[in-house]
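Convention: sequence-line order gives letters A, B, ...; per-chain numbering from 1. None of the values given here were measured: they were computed from a predicted structure.
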Amino acid sequence: MNNAQIADILDAIASLLELKGEERFKVVAYQRAARAIALHPKEMVLALKEGDDLRAIPGIGKSIAEKIEELVRSGRLEYFEELKAQFPPGVTELLHIPGVGPKTALKLVQELGVTSLEELEAAVADGRVAGLPGLGAKSAENIERRLRELRAKERRIPLGAALPIAEELLAGLRQVPGVRQASAAGSLRRFRETVGDIDLMGTADDPPAAIAAFVALPQVKAALAQGPTKATVLVHSGLQVDLRLVEHQDFGSLLQHFTGSKEHNVALREWARRRGYSVSEYGIAEIASGRVHHFQREEEVYRFLGLQFIPPEIREARGEIELAARGALPRLVEADDIRGDLHAHTDWTDGQDSLEAMVRAARERGYAYLAITDHSVGRGITNGLSVERLREQRKLLQSVEQQVGGIRVFHGTEVDIRADGTLDYPDEVLAELDVVVASLHSALQQPAERMTERVLRALANPHVDVFGHPSARLLGERPPVELDWEAVFHQASRTGVALEINASPGRLDLKDVHVSRARELGCRFLVNTDAHAARHFAAIRYGVGVARRAWCESQHILNSRPLAEFEDFLYHRQVVSGL
DNA sequence: GCCGTTTTCGGCCCGACTGTTTTCAGTCG
């Protein structure tokens with residue numbers, strides 16, 4: 001049983017307790033515990049095996065720790081089974097409908113015997129829902145609409161699709177006279193890998209005029225709602241965007257509030273409350289006197305509470321507030337720290353731009369180094385390089401490096417890890433290269449055990465420097481491979497192979513939680529774009545966002561290190577080979 | 001059920017919206 005499954009059960013318990021009418025705080029305790037487990041980098045199975053005290057995890061106490069132990073040990077939880085038995089199966093499904101909470105769900109179950117979305121649909125259609133006490137025609141109508149929406153799309157948009165749209169809208173908004181502040185908020189600002197919608201915040205001298213200008217932007221397909229200080233629009237990609245404008249003096253508090261996460265805000269407010277303050281989106285009130293403090297800038301909100309500024313990417317209620325109080329937050333790596341990209345393709349294989357164009361683009365970004373890593377021979381579909389072409393490419397690379405100047409260009413490969421864990425070039429060819437990125441591209445359906453053996457074998461090859469896009473997932477299109485991550489991270493840590501944080505917006509691979517765990521185990525990382533065109537280098541920020549969400553500092557990210565130090569990694573690291 | 005800068009007991013974030021309510025409950029972010 002993995003953490004995600006445990007978290008699901010804890011969430012289900014919370015829902016059942018809600019239905020039961022249990023005290024709200026007990027419900028919240030289970031919801032918090034579920035989230036804590038879902039975000040916990042180390043698998044519970046392993047934590048228990050190693051004798052960790054689960055109560056050290058914020059939100060986990062004696063009672064829930066025991067339940068997790070029972071779940072891990074036996075695969076089931078008596079308490080959960082008993083709770084489930086008290087309700088018709090499927091009733092918690094109703095809670096997934098926005099607008100339907102425990103009270104409404106219980107009413108639907110008890111009065112109408114509805115236990116599934118299908119039955120609910122029927123009950124709405126024949127008017128039984130509208131006839132319930134406390135509900136009316138309007139409620140039934142809303143439920144019907146929400147049911148439809150739930151079916152149509154329960155999909156979130158990849159960060160890489162949403163962020164450019166948000167930035168275009170913000171640029172448009174900033175052109176409007178009188179607009180002084182404009183920023184994205186929400187999960188987009190926290191760099192979550194997918195977002196449900198886009199939240200924008202701003203201040204304007206004349207809010208209604210700014211709102212009017214906003215809904216008239218060319219990106220806007222339709223305005224769903226438009227008030228004097230708020231607008232909700234659809235953009236052409238179908239994404240929903242909310243804009244909210246406030247007084248200049250309150251922008252800091254507003255941005256803080258709407259950036260979230262919800263759990264971070266709850267933790268922050270509890271923390272403040274214990275010190276006599278009440279925090280809301282309108283400012284910070286002194287509880288004793290009622291005096292309210294206003295903040296134009298978000299930094300001031302945290303400073304007022306005696307906290308270091310907490311970067312949005314780590315606002316997830318994972319202990320960041322306590323660290324900020326002690327002034328002990330990590331110095332997260334920044335996009336400007338990145339000095340080179342170690343995974344790039346050219347038109348020698350499936351890239352769009354020439355080798356020279358790629359090198360020039362990297363130098364223009366101010367990079368000190370770049371690796372050209374075209375595909376290996378077995379990737380026929382990408383025109384993978386034969387050994388002869390690979391060697392030919394090196395000659396060109398050396399002359400381009402000289403011509404362009406000011407940037408070190410490494411010759412590398414993105415070599416296929418074959419189904420049996422061998423690599424797609426012989427060792428003596430790999431030995432000629434500066435950088436070897438080993439990646440999975442085929443036979444991605446292997447069962448976990450086989451896939452793990454395959455990867456461990458590949459990482460044991462002393463020529464391999466980097467494990468490329470380790471899970472091979474494509475966001476929203478292809479699931480990650482089945483892999484014993486713990487074993488892989490241990491292997492990478494031992495052999496010194498760097499794990500790639502692939503910044504390509506369709507991948508974001510490794511993902512944040514895995515990066516956290518690998519970092520704990522002593523792994524180091526490369527944030528690479530896997531650029532297939534010069535313009536793709538700009539995607540580096542998505543990968544940096546993942547690294548930041550995993551609390552990575554510059555020391556963890558090898559390609560944020562100066563050239564000399566990076567060459568130490570390539571040429572002089574202690575290579576441990578063998579399985 | 002969790003937790004501790006008043007506390008091992010008695011608290012537990014805050015405000016807005018919606019619908020159905022004649023003063024508020026339920027739900028959401």
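Among residues two or more places apart in sequence or in another chain, the side chain to side chain contact (heavy atoms under 4.5 Å, CB included) test is passed with P164(A) by Y542(A). With sequence neighbours left out, the side chain to side chain contact (heavy atoms under 4.5 Å, CB included) criterion links H514(A) to W485(A), F489(A), L510(A), K511(A). Taking the side chain to side chain donor-acceptor pair (under 3.5 Å) definition, one finds that R519(A) meets it with nothing, sequence neighbours left out.
Among the nucleotides dG26(B), dG1(B), dC28(B), the one closest to any side-chain atom of K26(A) is dG1(B).
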Please list, for nucleotides 2-5 of chain B, all pairs of protein and nucleotide N/O atoms separated by less than 3.5 Å.
from	atom 1	to	atom 2	distance (Å)
dC2(B)	OP1	G61(A)	N	2.6
dC2(B)	OP1	G61(A)	O	3.4
dC2(B)	OP1	I64(A)	N	3.2
dC2(B)	OP2	S63(A)	N	3.4
dC3(B)	OP1	G59(A)	N	2.7

Just distance, no hydrogens or angles: give the donor-acceptor pairs under 3.5 Å from side chains in residues 270-291 of chain A, sequence neighbours left out.
from	atom 1	to	atom 2	distance (Å)
E270(A)	OE2	R32(A)	NH2	2.8
R275(A)	NH1	W271(A)	O	2.8
S280(A)	OG	Y282(A)	N	3.0
E286(A)	OE1	S289(A)	OG	3.1
E286(A)	OE2	H293(A)	NE2	2.7
S289(A)	OG	R291(A)	N	3.2

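Rounded to whole Å, the distance from NZ on K103(A) to P on dA25(B) is 10 Å. In this structure, CZ of F258(A) is placed 11 Å from C1' of dC28(B), rounded to the nearest angstrom. Spacing between atom CG of L132(A) and atom P of dG26(B) amounts to 14 Å, rounded to whole angstrom units. Spacing between atom CG of L16(A) and atom P of dG1(B) amounts to 14 Å, rounded to whole angstrom units. When rounded to the nearest whole Å, the span between CD of E263(A) and P of dC28(B) equals 14 Å. Here the P atom of nucleotide dT27(B) and the NZ atom of K107(A) are 8 Å apart, to the nearest Å.
Pairing for dC12(B) is with dG1(B), a Watson-Crick or G-U wobble pair whose two hydrogen-bonding atom distances lie under 3.5 Å.
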Reading nucleotides 12-20 of chain B from 5' to 3' and marking B where a protein heavy atom lies under 4.0 Å of the base, S where only the sugar-phosphate is that close, and - otherwise, the string is BBBSS--SS
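Between D52(A) and K42(A) a salt bridge is recorded (basic side-chain N to carboxylate O distance below 4.0 Å). Between R318(A) and E316(A) there is no salt bridge, since no side-chain nitrogen of the basic residue lies less than 4.0 Å from a carboxylate oxygen of the acidic one. Salt bridge present: E298(A) and R315(A) bring a charged side-chain N and a carboxylate O closer than 4.0 Å.
Nucleotides dC28(B) and dT23(B), compared at atom P, are 25 Å apart to the nearest Å. Comparing the C1' positions of dC13(B) and dG19(B) gives an interatomic distance of 25 Å, to the nearest angstrom. Nucleotides dT6(B) and dG10(B) have their C1' atoms positioned 12 Å apart, rounded to a whole Å. Between dG1(B) and dT8(B), the two C1' atoms lie 14 Å apart (nearest whole Å). Atom C1' of dA16(B) sits at a distance of 25 Å from the matching atom of dG11(B), rounded to the whole Å. One C1' atom belongs to dA25(B), the other to dT20(B), and the distance between them is 9 Å to the nearest Å. Taking atom C1' on both nucleotides, dT5(B) is separated from dG15(B) by 27 Å, rounded to a whole Å. Rounded to a whole angstrom, the distance from the C1' atom of dT7(B) to that of dC12(B) is 13 Å.
The residue I97(A) sits close only to the backbone: its heavy atoms come under 4.0 Å of sugar-phosphate atoms, none of a base.
Taken to the nearest 0.5 Å, the CD atom of Q256(A) stands 8.5 Å off from the CG atom of L305(A).
Cation-pi check for K67(A) over Y79(A) is met; the charged atom lies under 6.0 angstrom from the ring centroid and within 45 degrees of its normal.
A donor-acceptor pair under 3.5 Å links the side-chain atoms of N265(A) to the main chain of H257(A), judged by distance alone.
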